[in-house]
Amino acid sequence: QVQLVESGGGLVQAGGSLKLSCAASRRSFSNYAMGWFRQAPGKEREFVAGISGTNDGTLYADSVKGRFAISRDNDKYMGYLQMASLKAEDTAVYYCGARWGNAVLRRASSYEYWGQGTQVTVSS
């Protein structure tokens with residue numbers, strides 16, 4: 001079992017920045033790939049970014065490439081999503097997910113563990 005807790009969401013103006021954090025409960029956090037997803041009202045949960053358990057591979061959705069950066073600190077059991085140049089369309093609840101294994105996958109159904117989510121609202 002892996003428990004995940006997101007934090008760092010909030011209200012920000014368009015063009016601003018936010019850094020989301022994801023705290024994991026498990027000491028073997030490096031055995032899990034991690035992904036950030038988001039879900040806007042009335043829409044499906046969509047992939048934002050992912051990082052391998054060993055911290056040597058990342059993947060981004062085209063919509064955030066060049067604006068968002070995913071990272072992790074396995075020694076601290078933490079994952080991060082640095083978001084910059086935020087747009088109104090980035091408004092959503094952001095979730096971190098973890099899956100056993102090193103591969104970064106885009107499908108939400110591939111992730112076994114989820115946090116409760118943190119709201120990000122970008123005002124235009």
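Because only heavy atoms are used, hydrogens play no part in the values below, and waters and symmetry mates are left out as well, while side chains stay in. Residue numbers count from 1 along this sequence.
- The minimum heavy-atom distance linking Ala24 with Leu4 is given by the pair CB-CD2, 3.8 Å.
- No donor-acceptor pair under 3.5 Å is formed between the side chain of Thr91 and the backbone N or O of Thr121.
- The CG atom of Asp90 sits 7.0 Å away from the OG atom of Ser63 when rounded to the nearest 0.5 Å.
- Proximity of Ile70 to Tyr80: side-chain heavy atoms (C-beta onward) are nowhere separated by under 4.5 Å.
- In terms of hydrophobic clustering, with Ile, Leu, Val, Met, Phe, Trp and Tyr side chains grouped at heavy-atom distances under 4.5 Å, Tyr60 and Leu20 are assigned to a common cluster.
- Here the shortest heavy-atom pairing between Gly57 and Val104 reads O-CG2, 4.0 Å.
- A distance-only check finds no donor-acceptor pair linking the side chain of Arg107 to the backbone of Tyr111 [under 3.5 Å].
- Scanning all heavy atoms of the two residues, the minimum distance from Arg106 to Phe37 falls at O-CE2, 3.3 Å.
- Ala92 and Arg38 get closest at one heavy-atom pair: CB-CB, 3.8 Å.
- Arg45 forms a cation-pi arrangement with Tyr95, by the criterion of a distance under 6.0 Å to the ring centre and an angle within 45° of the ring axis.
- In the hydrophobic cluster analysis, where Ile, Leu, Val, Met, Phe, Trp and Tyr join through side-chain heavy atoms closer than 4.5 angstrom, Met78 is grouped apart from Leu81.
- Using a 4.5 Å cut-off between side-chain heavy atoms of Ile, Leu, Val, Met, Phe, Trp and Tyr, with links allowed through other members, Val64 and Val12 fall into the same hydrophobic cluster.
- The neighbour count for Glu89 CD, taken as heavy atoms of other residues, nucleotides or ligands under 6.0 Å away, is above 12.
- Side-chain atoms of Tyr94 do not come within 3.5 Å of backbone N or O of Ser7 as any donor-acceptor pair.
- Checked by atom type and distance alone, the side chain of Asn74 pairs as donor or acceptor with a backbone atom of Gly53 at under 3.5 Å.
- Closest non-hydrogen pair, Asn102 versus Asp56, comes out as ND2-OD1, 4.0 Å.
- Hydrophobic cluster membership differs between Phe68 and Leu59, with clusters built from Ile, Leu, Val, Met, Phe, Trp and Tyr side chains linked at under 4.5 angstrom.
- Glu6 places a side-chain N or O within donor-acceptor distance of the main-chain N or O of Gln116, the cut-off being under 3.5 Å.
- Both Val48 and Val122 are members of a single hydrophobic cluster when ILVMFWY side chains are connected at heavy-atom separations under 4.5 Å.
- In this structure, Trp36 has its ring center at least 6.0 angstrom away from the ring center of Phe47.
- Taking the side chain as every heavy atom from C-beta outward, Leu105 and Arg99 approach each other to under 4.5 Å.
- Aromatic ring pairs are classed by plane angle as parallel below 30°, tilted from 30° to 60° and perpendicular above 60°; the pair Tyr32 and Trp100 is perpendicular.
- Side-chain N or O atoms of Arg72 include one that pairs as donor or acceptor with a backbone N or O of Phe29 at under 3.5 Å.
- The main-chain N or O of Ala84 is never found under 3.5 Å from a side-chain atom of Ser17 such that the two would form a donor-acceptor pair.
- For the pair Leu86/Leu18, a side-chain contact is recorded, criterion being any heavy-atom separation below 4.5 Å from C-beta on.
- Listed here is the closest heavy atom pair of Ala33 and Ala103: CB-O, 3.3 Å.
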### Task
Determine, step by step, whether Asp62 and Lys65 satisfy the salt bridge (charged side-chain N to carboxylate O under 4.0 Å, His left out) criterion, reporting the C-alpha distance in whole Å, the side-chain angles of both residues, the deciding distance to 0.1 Å, and the verdict.
CA-CA 5 Å; Asp62 287 343; Lys65 207 172 289 184; 3.1 Å; yes
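- Looking at Arg67, its side chain does come within 3.5 Å of a backbone N or O of Ser85 through a donor-acceptor pair.
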